[in-house]
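Below: one structure, written as structure tokens.
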Amino acid sequence: MTEDRNWLYVPFNDSYIPKLIEHYKVEFLPKFIILNRDMDVISENGRKDMVDLGTKAFEKWYKKYREIKEKKEKEEEEKSINEDSPISI
């Protein structure tokens, strides 16, 4: 992957593209998928979001990012609680 300002992107003809196509079930190229650092999908329709919402697409993506982050934090907290609780037989 290559970084251009704050955006990571996969250059055309990159050897990683077939893996991404398979993983994200991409049916056509180019495809503008918004991901977080953990590679969770924020939006599968980045281009449509930009066309329909303009710069408000960033707000939509940030909201989804926060939802995913909060869900993961809650899952980690629950996992930690379960691991720390005594086992009764």
Side-chain angles (χ1 to χ4, degrees):
M1 287 192 206
T2 305
E3 185 172 347
D4 181 19
R5 298 189 179 148
N6 292 324
W7 292 91
L8 291 176
Y9 66 95
V10 181
F12 188 74
N13 287 333
D14 189 284
S15 62
Y16 196 58
I17 289 175
K19 293 174 188 171
L20 292 170
I21 288 172
E22 182 178 337
H23 181 78
Y24 293 105
K25 298 173 180 51
V26 173
E27 296 178 7
F28 59 90
L29 293 175
K31 181 76 173 177
F32 186 27
I33 300 174
I34 308 302
L35 307 169
N36 65 13
R37 290 177 189 232
D38 295 330
M39 304 296 280
D40 299 311
V41 176
I42 302 297
S43 175
E44 291 186 23
N45 301 302
R47 182 180 185 283
K48 183 176 184 332
D49 290 346
M50 290 299 293
V51 169
D52 293 351
L53 302 172
T55 57
K56 293 208 181 281
F58 293 100
E59 294 172 23
K60 176 184 175 181
W61 299 337
Y62 184 72
K63 181 180 177 185
K64 180 68 174 183
Y65 164 79
R66 294 292 309 157
E67 289 171 4
I68 291 170
K69 184 176 181 190
E70 289 169 8
K71 181 181 176 189
K72 284 185 172 187
E73 288 171 351
K74 184 177 179 181
E75 288 171 355
E76 283 296 316
E77 183 179 316
E78 289 173 0
K79 181 181 175 186
S80 176
I81 290 170
N82 290 336
E83 289 174 352
D84 292 340
S85 51
I87 300 173
S88 59
I89 299 177

Could you walk me through whether I42 and L35 pass the side-chain contact (heavy atoms from CB on, under 4.5 Å) check? CA-CA 5 Å; I42 302 297; L35 307 169; 5.6 Å; no

Side chains of residues 24-33: which donor-acceptor pairs under 3.5 Å do they make with residues two or more places apart or in other chains?
residue	atom	partner	partner atom	Å
Y24	OH	M39	O	2.8
K31	NZ	E44	O	3.2

For [X], enumerate each residue passing the salt bridge (charged side-chain N to carboxylate O under 4.0 Å, His left out) test, keeping only those at least two apart in sequence or located in another chain.
{"X": "K72", "answer": "D38, D40"}
{"X": "K19", "answer": "none"}
{"X": "E70", "answer": "R66"}

Filter on ring-ring contact (aromatic ring centres under 6.0 Å, His included), then keep only pairs touching residues 60-80, sequence neighbours left out; what's left?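 Listed once each, the pairs are F58-W61, Y62-Y65.
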
For [X] against [Y], the heavy-atom pair lying closest together:
{"X": "D49", "Y": "A57", "result": "O-CB, 3.8 Å"}
{"X": "S43", "Y": "G46", "result": "OG-N, 3.7 Å"}
{"X": "L53", "Y": "K60", "result": "CD1-CD, 3.7 Å"}

Looking at CE of M50 and NZ of K56, how far apart are the two atoms once the value is rounded to the nearest 0.5 Å?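 Result: 12.5 Å between the selected atoms.
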
Quick check for you: to the nearest 0.5 Å, what is the distance between Y9 atom OH and D14 atom CG?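 That separation rounds to 10.0 Å.
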
Are F12 and Y16 connected, step by step, through hydrophobic side chains (Ile, Leu, Val, Met, Phe, Trp, Tyr) whose heavy atoms are closer than 4.5 Å?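 No, separate clusters.
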
Within a radius of less than 6.0 Å around CD of E78, do more than 12 heavy atoms belonging to other residues, nucleotides or ligands occur?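 Yes - once you tally the heavy atoms of other residues, nucleotides and ligands closer than 6.0 Å, there are more than 12.
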
With side chains defined as the heavy atoms from C-beta onward, is the minimum distance between I34 and V41 less than 4.5 Å?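 A side-chain contact is absent here, since even the closest heavy-atom pair is not under 4.5 Å.
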
How would you list, by chain and number, every residue that makes a side-chain hydrogen bond (donor to acceptor under 3.5 Å, both in side chains) with K71, sequence neighbours excluded?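 K71: no side-chain hydrogen bond (donor to acceptor under 3.5 Å, both in side chains) contacts found.
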
